[in-house]
Amino acid sequence: MKNLIAELLVKLGEKEEESKELLAQVEALEIVVTSLVRHMAQDEQQKLIHSIESAMEGASPEPPIPDGDSELLRQYVKKLLRHPRS
C-alpha cells in the first residue's frame, strides 16, 4: 500500500510539473502574439483578426470538440486578439 501511495505521489508531482511547463508555454505565446499584434498597423490587425475568426468558424476538427470547449477556445482567442493583456 505504501508503494502504491508513493507511486501515485510521484505521478502527481510529474503531472504538476508538466502543467507548470504548459502554462509557461501558453503565457509565453500570449506575450509573443500580443507584441506582434500591437506592432502591426491597425488595418493589418483587423485583417488578421478577421482571417483568424473566419478560419475558426469554418473549422471542423476530427473528432468533434464539445461545444463548451469550442466556446472556451473562441473566448480566449477573442480576448487575445481584441483585448490583449496590458
Donor-acceptor pairs under 3.5 angstrom involving side-chain atoms of residues 39-52: please list them, not counting sequence neighbours.
{"residue": "H39", "atom": "ND1", "partner": "S35", "partner atom": "O", "Å": "2.7"}
{"residue": "Q45", "atom": "NE2", "partner": "V37", "partner atom": "O", "Å": "2.7"}
{"residue": "Q45", "atom": "NE2", "partner": "M40", "partner atom": "O", "Å": "3.4"}

Set of residues satisfying side chain to side chain donor-acceptor pair (under 3.5 Å) with respect to E53, sequence neighbours excluded: R82
Results of side-chain contact (heavy atoms from CB on, under 4.5 Å) for L22 - residues two or more places apart only: Q25
Pair E14 + K11, salt bridge at N-O below 4.0 Å: no
Inter-residue atom distance E16.CD - L9.CG, 0.5 Å rounding: 11.5 Å
Spacing of L8 atom CG and N3 atom CG [to the nearest 0.5 Å]: 11.0 Å
Whether over 12 other heavy atoms sit under 6.0 Å from D67 CG: no
Gap between atom CG of L29 and atom OG1 of T34 - 0.5 Å precision: 10.5 Å
V33-M56 co-clustered via ILVMFWY side chain contacts under 4.5 Å: yes
L80 and Y76: CA distance, side-chain angles, deciding distance, side chain to side chain contact (heavy atoms under 4.5 Å, CB included) verdict: CA-CA 6 Å; L80 182 62; Y76 278 116; over 6 Å; no
